[in-house]
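The structure appears right after this line, and notes come after that.
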Amino acid sequence: MIPIKVNGKAYELDVPADMPLLWVIRDELGLTGTKYGCGSALCGACTVHVDGRAVRSCVTPVSAVAGKEVVTIEGLSSPGMHPVQQAWIEEDVPQCGYCQPGQIMSAVALLAVNPHPSDADIEQAMAGNICRCGTYQRIKGAIHRAAGKVAAEPGRPAGRKP
Amino acid sequence: MSDILSMSRRDFLKSGAVAGAGLILGFSLPAAAQQPGKKRMPYYPNAFLHIGRDNAVTVFVNKSEMGQGVYTAIPMLIAEELDCDWGKVRAVPAPVAEIYANPMSGKQMTGGSTSVRTEWERMRKVGAAARSMLVSAAAKRAGVAPSSCRTSGGKVILPGGKSIEYGAVAEAAALLPVPPEPVLKAPSSFTLLGKPLRRLDTPVKVNGSALFGIDTKLPGLLVALVARGPVYGGTVRSFDATKARAVPGVVAVVKIDTGVAVVAKGYWAAKRGRDVLEIDWDDGARAGLSTGKMRTAYAVLSKSPGTIARNDGGAEAALAASPNRVNAQYDLPYLAHADLEPLNCTVDLRRDSCEIWAGTQGQTLCRDLAASLTGLPPEKVKVHTTYLGGGFGRRGNPHQDFVTMAVQVAREIRKPVKVIWTREDDMRGGYYRPLWHARMSGGFDEKGRVIAWRHRIVGQSIMKGTFNEKSRIKNGVDLSSVEGAQQVPYEIPNLLVDLHSPEPGMPVQWWRSVGHSHTGFEVESFIDELAQVAGKDPYQFRRGLLSNHPRHLGVLDLAARKAGWGEKLPGGRGRGIAVFESYGSYVCQVADVTLKPDGRVRVDRVVCAVDCGMTVNPSIIEAQMQGGIVFGLSAALYGAITLENGRVQQDNFNDYPVLRMDEMPKVEVHIVESREKPGGIGETAVPPIAPAVTNAIFAATGRRVRQLPIYNIEPGSFNVILNA
Ligand code: FES
Ligand code: FES
């Protein structure tokens, strides 16, 4: 039994210890907002927060997050819209939308440690998230729009470097 | 027709897409009256539109939403004429039925940048007919003449200023006859069309609730991964599933046509099971394929004349007589679509029915194929179109290979099952943009005018063996192989385009912008080479050959002006231009590049001018231009699927890289004001970007890039040359 906490809810899971967090979230917990894109930490579609840090859940064994706080896109937007999601709406960022949960989770993690990132900061922090539809320019615009609006997440106060 | 309509109604009601108490406009009526002897597109307000008592407007969209914004564009067309409250409009996917077919292919299909082009009038008529019926119903209730009423924001406004909400008269309106020729607004009175409205699907796409095919949930749903051979089309000689079956969670291992499926309670168990599956493969006929050898063979083939696609004047004679000839050869690789959502399909096959959940671009194909595989009549197959995590053509595969695979697995196990392709399966498992080779020759006369142009193309036909074969292969020429070359706009008196279609047997299909994805590079590279030989400015040189092509000139001038064409750039930087028409839209791009110390290039900025006729939503057009540029640039810089012994050498985004945020150029989009009929927008930004960039590299370095990708992974790569 592996104890994990996802979006504030505690679970005891009977799954193999090496099962990637991604598939625990999607198949065991039924939270499908977190996406599978590559399975090899190459695309960022599976990005979630573990204790406030952005991690690629496809290469994170569930045993590694035992007892930690996991937040997925569903947890980010409840209750209500997160300021980063609001910025995404205002910039009308998504095309197909498949990469967007991962993009948003990476952006929130960036803004939590760097509330006013420069273009270069954004490019560096977001380079791990592929958007095959090419929404990068609007993503950048949305991150600038959300600058300074991101509050702390449990386990990781805003503004503190990793 | 009434059958189709009632089937659709049942589907709508059953699907719960609309509230039961609401009303589907015009449903009790026969299909809109056809005027005998006048061929026109039928419209059916009843099948596309529902107005509830609560004023909610539901639009049943007959197109797949794969990022191109069609769940917003189609509702905008209807809402414009309906005069409803845009805030009350929502889009839901239509079921499969003949009335939803794409008039261009006769199939319910999304592709070829056709959605707005084919639905521009039909959907507006749907809105206009509904509006007229609502006005009649409201006028009748108020005892006034319909002509004395007007509409605005979802209300019928009566003489004297009182108003009746649409929802209040929707039921009464539904009993009225559908006007056969509803009057459409003049474009000058549009209030929605041409406005940058936000997409209707954005909220669900930022909160994680948008459901893609891979997110399909059903009670007891199993997940399967299919092991396929290392060579496409390889077959199973024998297999040993002992270890796979021992993996906890694995429930079945079954053989299907293309391989062996491991069925499990979830993805991870299926993956673990597949990893330990032992299979002896017969590699089959493609085991000898290698892209290196193929390229050499294509180059040899290009020395001899092919089947003629266009022949103006006498190009061969003019070339022979020309005192100044230019020759160049271009190579383009196989490309994968690499939609970010790997292919997948969910099937619930029962004795007398089959339900499919798929992010498909081809609902009719999907349904008919499932019917033939299961022996069920087509009306027993139900297709649920989910959101598509990228399409780019892949999900419109003419053989719907990802659906076939899932239906075959379902046939074996008779339980609801979702077949997921891993990224590696998706990359290696077939259907690519073909490998292309082009040999081009141009000739000048004594006065330096271009008098001859010959463009010879070598590459596999994508239409052969598909439902498109009849309409797209004419006189031995696959029109999609030569599109953009056959229509080369440059005014040159002697012009020859011919084609060889070798048959290496690779699984090939359309890839965003189809044939234009290679002809754009060839034509716009070669015209630049001619400008260079003529000693002319590439922009002015193009202008001189386009005097009768005002829309080409329009985007060319606009992009050049906005980019500051002609200004001097610092050393190590270059600026290139390319202009191309596809799908009835005209795009010019000016790219700026900087040479980096590592011998690579950075694309700093792309100025993009587009003339796509009348616009539906400029914000979506801007997004499609940006996205098309990223897509085309990914291919231009990195994209290549290569084969060795029939084996695809690429696996994932490490060896099939796509553009990332840190390489994103600044893209500026300028839209030409136009009253021309709408052109396509989803694909049309792709063709010019590669040549704009390689022409810029030439401007910066004096070296021509004639082989894509720019960072070639094979020996003689461009970055090596740059450093030489
Ligand atoms: S799925 Fe995890 S990084 Fe791509
Ligand atoms: S919006 Fe389609 S992959 Fe990013």
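Each chain gets a letter, A, B and so on, in the order the sequences are listed, and its residues count up from 1.
Listed options A:Ala120, A:Pro94, A:Pro101, A:Ser40 were ranked by heavy-atom pairs under 4.5 angstrom with chain B; first place goes to A:Pro94. Heavy-atom pairs under 4.5 Å with chain A peak, among B:Asp426, B:Asp662, B:Asp215, B:Val223, at B:Asp215. Interface remark: of the candidates B:Arg199, B:Gln68, B:Met66, B:Arg512, B:Arg199 forms the most heavy-atom pairs closer than 4.5 Å to chain A. Contacts with chain A were tallied for B:Ile420, B:Thr422, B:Ile620, B:Asp651; B:Thr422 has the most, counting heavy-atom pairs under 4.5 Å. Across A:Leu42, A:Ile73, A:Leu31, the residue that shares the most heavy-atom pairs under 4.5 angstrom with chain B is A:Leu42. When B:Ala269, B:Pro196, B:Pro342, B:Ser209 are compared by the number of non-hydrogen pairs under 4.5 Å with chain A, B:Pro342 comes out ahead. With chain B as partner, the option from A:Cys38, A:Cys99, A:Cys133, A:Gly39 having the largest number of non-hydrogen pairs under 4.5 angstrom is A:Cys38. With chain B as partner, the option from A:Glu74, A:Gln100, A:Arg26, A:Gln124 having the largest number of non-hydrogen pairs under 4.5 angstrom is A:Arg26.
B:Tyr387 does not touch chain A: none of its heavy atoms, backbone or side chain, sits under 4.5 Å away. Looking at B:Ser619, the atoms closer than 4.5 Å to chain A (heavy atoms on both sides) sit in the backbone and in the side chain alike. Proximity to chain A (any heavy atom under 4.5 Å) is shown, for B:Ala338, by both the backbone and the side chain. Heavy atoms closer than 4.5 Å to chain B are found nowhere in A:Gln103, neither backbone nor side chain. Using a 4.5 Å cut-off between heavy atoms, A:Trp88 touches chain B through backbone and side chain atoms alike. Both the backbone and the side chain of A:Ile130 have a heavy atom closer than 4.5 Å to some heavy atom of chain B. For B:Pro657, no part lies near chain A; criterion is any non-hydrogen pair under 4.5 Å.
Here the CH2 atom belonging to B:Trp268 is positioned 6.0 Å from the CG atom belonging to A:Asp18, to the nearest 0.5 angstrom. Atom CD in A:Glu91 sits 11.5 Å away from atom OG1 in B:Thr202 (nearest 0.5 Å). Between atom CZ of residue B:Arg660 and atom CD of residue A:Glu123 there is a gap of 13.5 Å, rounded to the nearest 0.5 Å.
Looking only at distances, no side-chain donor or acceptor of A:Arg132 sits under 3.5 Å from a matching main-chain atom of B:Leu340. Here the side chain of A:Tyr136 pairs no donor or acceptor atom with the backbone of B:Glu663 at under 3.5 angstrom. When atom types are taken as modelled, the side chain of A:Gln95 and the backbone of B:Ala623 share a donor-acceptor pair closer than 3.5 angstrom. The backbone N or O of B:Val667 sits less than 3.5 Å from a side-chain atom of A:Gln137, completing a donor-acceptor pair.
Looking at A:Asp92 and B:Lys205, no side-chain N of the basic residue comes within less than 4.0 Å of a carboxylate O on the acidic one, giving no salt bridge. Between A:Asp27 and B:Lys265 there is no salt bridge, since no side-chain N of the basic residue sits under 4.0 Å from a carboxylate O of the acidic one. The pair A:Arg138-B:Glu622 meets the salt-bridge criterion, since a charged nitrogen lies less than 4.0 angstrom from a carboxylate oxygen.
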### Query
What's the verdict on side chain to side chain contact (heavy atoms under 4.5 Å, CB included) for A:Lys35 and B:Phe212, showing C-alpha distance, side-chain angles and the deciding distance?
CA-CA 10 Å; A:Lys35 302 303 185 197; B:Phe212 296 84; 3.6 Å; yes
### Query
Could you walk me through whether A:Tyr98 and B:Asp339 pass the side chain to side chain contact (heavy atoms under 4.5 Å, CB included) check?
CA-CA 9 Å; A:Tyr98 195 75; B:Asp339 300 0; over 6 Å; no
### Task
Begin from the C-alpha positions of B:Val206 and A:Val93 and carry the test side chain to side chain contact (heavy atoms under 4.5 Å, CB included) through to its verdict.
CA-CA 9 Å; B:Val206 303; A:Val93 174; over 6 Å; no
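At most 12 non-hydrogen atoms from other residues, nucleotides or ligands lie less than 6.0 angstrom from NZ of A:Lys5.
Counting all heavy atoms, side chain and backbone alike, A:Gly37 lies closest to B:Phe653 at O-CE1, 4.0 Å. Nearest heavy-atom pair across B:Trp421 and A:Tyr36 is O-CE2, 3.9 Å.
Of the options B:Met664, B:Lys666, B:Met661, a side-chain contact (heavy atoms from CB on, under 4.5 Å) to A:Lys140 is made by B:Met661 and by none of the others.
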Show every donor-acceptor pair shorter than 3.5 Å between a side-chain atom in residues 625-635 of chain B and any protein atom, with sequence neighbours excluded, or say none if there are none.
residue, atom, partner, partner atom, Å
B:Ser634, OG, B:Val630, O, 2.9
B:Ser634, OG, B:Leu659, N, 2.8

